[in-house]
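A note on names: the letters A, B, ... follow the listed sequences, proteins ahead of strands, and every chain is numbered from 1.
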Amino acid sequence: MHEHPNDYIKPELMACCGAREIRDGDVVIVGTGFPTISASIAKHTHAPRTMLMQESGVYDARPRRPALSVGDPCLNPGAAMIGGLTDVMGMFLQGGWVNVGFLAGSQVDKYGNINTTVIGDYDRPKSRLPGSGGANPIGALAQRVIIIALHNTRRLAEKVDFITTPGYIDGPGTRERWGLPKNTGPSLIITNKALLRFDPDSKEACLASYHPGSSIDEVVASTPWDLKVADDVHETEPPRAEELKALRERIDTIGLIKVYEQKGYV
Amino acid sequence: MHEHPNDYIKPELMACCGAREIRDGDVVIVGTGFPTISASIAKHTHAPRTMLMQESGVYDARPRRPALSVGDPCLNPGAAMIGGLTDVMGMFLQGGWVNVGFLAGSQVDKYGNINTTVIGDYDRPKSRLPGSGGANPIGALAQRVIIIALHNTRRLAEKVDFITTPGYIDGPGTRERWGLPKNTGPSLIITNKALLRFDPDSKEACLASYHPGSSIDEVVASTPWDLKVADDVHETEPPRAEELKALRERIDTIGLIKVYEQKGYV
Amino acid sequence: MSKVTTMKQAIEAHVHDGDFVYIGGYICRPPFAAIHEIIRQRRKDLTITRSNATDDFDLLIGAGVVKRFIASFLSLGFYGLGRCYRRSIEKGIPHKIEVEEYSNLSLPMMLMAGAMGMPFVPVKDMVGTDMMKVKSFMGDGKYKVIDSPFDGTPTLLVPALNPDVGIIHVQQADENGNAQMWGIGGDCKHGANASKKVIVSCERIVSREVIGKDPSRTIVPGFKVAAVVEEPFGAHPGYTPGFYDVDFPFGSLYQQASNTVEGFEAFLEEWVFGLEDRAAYTQHYVERFGYAAFKGLQAGFDYGYPVSYSY
Amino acid sequence: MSKVTTMKQAIEAHVHDGDFVYIGGYICRPPFAAIHEIIRQRRKDLTITRSNATDDFDLLIGAGVVKRFIASFLSLGFYGLGRCYRRSIEKGIPHKIEVEEYSNLSLPMMLMAGAMGMPFVPVKDMVGTDMMKVKSFMGDGKYKVIDSPFDGTPTLLVPALNPDVGIIHVQQADENGNAQMWGIGGDCKHGANASKKVIVSCERIVSREVIGKDPSRTIVPGFKVAAVVEEPFGAHPGYTPGFYDVDFPFGSLYQQASNTVEGFEAFLEEWVFGLEDRAAYTQHYVERFGYAAFKGLQAGFDYGYPVSYSY
């Protein structure tokens with residue numbers, strides 16, 4: 001079976017959890033950092049035909065250094081296709097071709113809705129955030145959305161201050177009512193403590209597994225809604241040797257992922 | 001003043017008449033043959049900043065031989081921009097940037113409507129023609145449309161069998177009622193006998209000038225509707241020496257324009 | 001994983017009776033090798049589309065593989081009206097096809113809408129003309145006129161098109177189907193991307209590294225492509241910029257042949273059924289017209305400048 | 001007729017107080033020379049737009065030239081939130097700008113609609129979220145929801161945008177404004193073509209003959225262009241593919257400076273008001289950071305292949 005080395009950091013575990021969600025041949029829309037690392041692990045392990053694209057218009061880039069934005073210069077040389085926003089966001093995403101999208105946000109709620117617009121009241125904000133960018137359309141149109149979040153009662157919320165990006169919105173049936181494409185929506189929240197999956201009936205994020213070092217009780221206590229626990233809840237599988245090897249030796253040779261520790265993903 | 005040599009053929013006169021409609025700086029959408037020759041005369045004489053484009057996606061081509069279609073290979077090398085149909089027909093024409101369009105058709109009626117779809121009944125046609133191609137949008141959206149037609153009672157009509165391309169449709173107010181852009185529509189019909197201009201009130205094509213060798217009576221007799229004659233009707237100015245020189249020595253060095261004589265433009 | 005295959009296999013696997021097929025090109029890069037193979041495999045009941053159609057669509061109609069045509073235009077251009085198209089509609093030979101009429105603005109916009117996941121698209125042409133009055137197999141779905149909810153202006157909406165398969169011929173592609181094109185584009189990029197899958201025919205298969213040297217030239221990404229076929233001379237008698245010229249004498253030959261049913265059948269026999277693939281076609285061309293004629297079509301060398309995407 | 005001019009003259013002639021301005025680029029090819037000149041000329045009440053905004057838009061907002069922002073996103077990316085953007089909205093410093101919120105799908109589609117003469121365009125995002133609930137200066141014109149006349153599905157329509165002027169930075173253009181670009185495009189092509197006139201800033205002016213060697217690279221035709229300005233290093237601290245890299249240390253410098261109002265004002269004084277044009281800016285860059293730093297930004301040579309359009 002798989003070998004599981006012990007010398008990993010939490011962001012590495014999280015990246016491997018994301019990678020395992022990807023199926024061979026998936027078309028994945030990624031931002032910089034975590035999503036790229038996660039999708040690339042899949043490409044270098046069980047899903048070699050994974051294809052990555054960035055919203056800025058790049059498909060199948062071959063960066064020689066880690067990209068620090070979706071417009072990074074290193075995404076240009078060697079890519080298979082470079083167009084513009086209407087190519088990737090229009091032709092590929094709205095066209096229905098994107099299997100997986102990765103998103104993060106300042107707040108994430110139990111229905112997988114994401115806030116990247118404003119903390120506090122929209123008109124008199126405590127903090128003005130960047131806005132949607134590509135997040136809303138990715139949340140609306142990608143078949144499976146993987147959300148990265150810090151697990152605490154500030155970043156997770158019963159209800160976000162502002163729904164920038166749709167998860168299941170108000171719960172069952174809401175996406176359908178708004179005419180969002182069938183079989184789309186968030187599939188997983190990866191936090192630094194656990195994996196939360198969405199109940200097919202209630203559309204609420206439920207505890208699927210807790211990471212090594214955490215526990216069901218700790219996760220429930222850190223979640224600001226009445227977190228349901230899956231019947232088959234278990235400990236998250238730690239990074240596999242081959243996943244870590246791909247991550248460290250082929251994808252992120254400069255240890256960019258350690259930035260996430262500084263951001264609190266511990 | 002202008003010198004007017006006598007050794008011209010009718011299609012040359014017609015091409016010069018078209019050229020004189022073009023103002024310096026006009027963006028002109030052309031098909032092959034006559035329109036290109038006509039617009040190019042303008043570019044080589046009074047309107048050097050005339051810019052030509054073809055519906056296939058080509059802007060400011062520099063063909064080294066006469067193009068025989070809007071997709072001709074000779075339109076590629078040296079053009080200033082090559083895109084696709086949505087660039088020229090969408091961004092430039094529908095975007096409102098085209099000043100002049102040239103059109104021809106199997107039938108043209110008194111309101112400048114053009115038929116390139118079918119002779120006879122649509123469902124049981126005597127003759128199935130090519131269809132709209134770029135004609136309908138050019139007729140709908142170019143600011144000034146110049147129509148080329150054979151002057152006889154078969155090619156001119158009180159009412160075309162099928163309106164493929166809108167002139168003034170049913171007369172005054174119809175274009176406006178359909179929401180076609182303001183200040184668009186046919187401005188001139190150039191035939192082998194005369195120039196017909198559209199009355200600003202009735203929107204009917206009226207006799208503006210008769211070509212040398214023709215007469216008011218001949219033109220009226222060859223026109224299948226009750227042709228109104230302009231107050232200032234006069235003989236058409238023959239080709240100027242510099243127009244003929246540009247046509248023969250710079251634009252159409254192989255005498256392609258003579259084809260129009262074989263087509264009846266005599 | 002390579003998608004490289006033969007045209008025979010590509011058409012067998014991906015073009016089925018009754019399919020809705022987008023076929024790119026207009027004199028520039030028509031995928032004639034694929035078109036001949038569709039006829040050779042005697043597909044039937046196809047719905048075909050593209051803006052500006054010419055000898056290639058006339059051939060498909062004459063060969064009887066077409067049931068429906070979403071059209072903006074069909075003629076032989078310099079050589080006059082499409083003979084097979086006329087015979088089909090005027091005389092029902094080999095059968096009467098159904099035609100849905102659009103224009104060279106509306107139809108490319110409908111393919112663009114299909115490519116971009118838009119359900120419909122507003123256009124400013126067609127209104128007020130008899131183009132509005134004739135509706136064929138698309139019925140009330142041909143278009144809708146609404147009052148714009150923004151300013152009340154009557155606005156024509158035309159529906160998105162999403163063909164079952166798109167077929168294009170380009171200068172180069174890699175084995176995954178990343179397809180690169182330059183020169184007159186027609187509605188190729190949108191037509192291919194609107195399709196549920198794409199067959200890429202190309203003058204030459206290049207490495208992924210060559211594609212990556214100039215990614216802004218790519219018009220279709222590999223993930224949309226089902227099959228890649230290297231078919232040099234694959235657009236003849238049309239042309240491919242940088243590779244070969246349009247074949248005017250062959251256009252005349254087709255005009256003459258298609259003037260009569262017998263002539264057209266003989267043409268099909270000689271140039272389609274009698275030849276197993278594009279290599280045999282090219283050999284037949286050289287034998288029939290001589291190497292000098294073949295050589296005369298080859299493009300001159302007039303190369304531009306390389307660019308760098310480096311940082 | 002040459003349209004080549006200086007940035008000073010181009011902005012004086014073509015960007016007016018109260019104008020609606022499209023500004024292209026996103027790290028890749030932001031027209032910073034033009035942006036600095038707009039600030040230097042103390043324009044006011046501008047409405048600005050583009051999908052994905054970063055330090056360039058933050059700078060314009062902090063400098064007080066902006067009244068309204070048709071937005072999808074603004075942050076300093078790697079360097080966190082836009083400081084000036086936050087101060088404007090949270091504290092009204094220098095004044096509170098009005099923001100109309102869209103996404104990186106809707107906004108580029110609205111520019112595409114503007115470029116293509118479409119009055120509006122259907123999009124599939126935004127629905128169901130608070131993006132629908134916040135409306136600013138566009139009011140009820142921000143969007144409309146209709147039942148599709150084709151199938152009754154609720155469909156979101158967003159309006160076309162047609163800025164008064166579009167400003168882009170590209171690799172090369174000729175003196176008439178035919179502008180060629182490669183690499184990440186963002187919404188540049190549609191944004192520029194949606195605008196009533198275009199200012200083209202470029203790394204190098206080339207001859208019409210060079211443009212004609214590769215016409216498929218052209219994104220804006222000369223007839224739309226009002227002014228052409230050769231501005232080498234004109235996108236710094238952003239990058240231009242094939243010319244120079246993004247300047248990460250400078251991004252950090254801007255982050256630090258813009259942390260406070262005083263720091264931001266000092267930055268403006270040093271890098272905008274204190275320098276008369278991009279040549280002076282570049283000289284100041286070399287003097288301040290050293291030639292080695294400047295040289296370190298210059299792009300490597302990694303040229304691709306030329307192609308031929310011949311026949």
**Message:** Quick check against the 3.5 Å criterion: does C/Asp302 have a side-chain atom that pairs as donor or acceptor with the backbone of B/Pro77?
**Reply:**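 No: the side chain of C/Asp302 does not pair with the backbone of B/Pro77.
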
Which answer fits [X], side chain, backbone, both or neither, if we ask what part of it has an atom under 4.5 Å from a heavy atom of chain B?
| X | answer |
| --- | --- |
| C/Tyr26 | both |
| C/Val134 | side chain |
| C/Tyr102 | backbone |
| C/Val123 | both |
| C/Met112 | side chain |
| C/Asn52 | side chain |

Relative to chain C, which of [options] shows the most heavy atom pairs under 4.5 Å?
| options | result |
| --- | --- |
| B/Gly33, B/Ala140, B/Gly84 | B/Gly84 |
| B/Thr117, B/Leu75, B/Ile163 | B/Ile163 |
| B/Gly71, B/Pro166, B/Pro125, B/Gly57 | B/Gly71 |
| B/Gly131, B/Pro73, B/Gly120 | B/Pro73 |

**Message:** Would C/Lys96 and B/Asp123 count as a salt bridge (charged side-chain N to carboxylate O under 4.0 Å, His left out) here? Give the steps.
**Reply:** CA-CA 11 Å; C/Lys96 184 161 181 165; B/Asp123 291 313; 5.9 Å; no

**Request:** Dump the intermediate steps for side-chain contact (heavy atoms from CB on, under 4.5 Å) on C/Tyr239 and B/Asn76, then the final yes or no.
**Result:** CA-CA 11 Å; C/Tyr239 74 99; B/Asn76 286 283; 2.9 Å; yes

Identify which part of [X] has an atom lying under 4.5 Å from any heavy atom of chain C, answering side chain, backbone, both or neither.
| X | value |
| --- | --- |
| B/Ser56 | both |
| B/Ser127 | both |
| B/Glu55 | side chain |
| B/Leu129 | both |
| B/Val160 | neither |
| B/Arg177 | backbone |

First locate atom [atom1] of [X], then atom [atom2] of [Y], and finally report the distance between them rounded to the nearest 0.5 Å.
| X | Y | atom1 | atom2 | answer |
| --- | --- | --- | --- | --- |
| C/Lys124 | B/Thr184 | NZ | OG1 | 10.5 Å |
| B/Leu93 | C/Leu105 | CG | CG | 6.5 Å |
| C/Leu107 | B/Thr86 | CG | OG1 | 11.5 Å |
| C/Ser106 | B/Gln94 | OG | CD | 8.0 Å |
| B/Thr164 | C/Met126 | OG1 | CE | 11.5 Å |
| B/Asp87 | C/Lys189 | CG | NZ | 9.0 Å |

Nearest atoms (heavy-atom pairs only) where [X] meets [Y]:
| X | Y | answer |
| --- | --- | --- |
| C/Arg86 | B/Lys126 | NH2-O, 4.1 Å |
| B/Trp178 | C/Met132 | CZ3-CE, 3.9 Å |
| C/Glu90 | B/Arg128 | OE2-N, 2.7 Å |
| C/Thr129 | B/Asn136 | OG1-ND2, 3.4 Å |
| B/Leu180 | C/Val127 | CD2-CG2, 3.7 Å |

**Request:** For each of C/Cys28, C/Gly186, C/Ser75, tally heavy-atom pairs with chain B at distances under 4.5 Å, and name the one with the top tally.
**Result:**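 Top count of heavy-atom pairs under 4.5 Å with chain B: C/Gly186.
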
**Request:** For chain B, find which of C/Leu156, C/Asp245, C/Leu76 contributes the most heavy-atom pairs closer than 4.5 angstrom.
**Result:**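 Between C/Leu156, C/Asp245, C/Leu76, the count favours C/Asp245.
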
**Asked** Side chains of C/Tyr79 and B/Leu68: does their closest heavy-atom pair fall under 4.5 Å?
**Response**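 In short, these two side chains do not touch, never coming nearer than 4.5 Å.
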
**Any C/Ser103 side-chain heavy atom under 4.5 Å of B/Pro137 side chain** =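 In contact.
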
Counting only heavy atoms not in [X], do more than 12 sit closer than 6.0 Å to its [atom1] atom?
| X | atom1 | result |
| --- | --- | --- |
| C/Lys135 | NZ | yes |
| B/Asn183 | CG | no |
| B/Arg250 | CZ | no |
| C/Phe150 | CZ | yes |

**Prompt:** Strictly by modelled atom types, are B/Tyr122 and C/Glu101 linked by a side-chain donor-acceptor pair under 3.5 Å?
**Reply:**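 Yes, side-chain donor-acceptor contact under 3.5 Å.
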
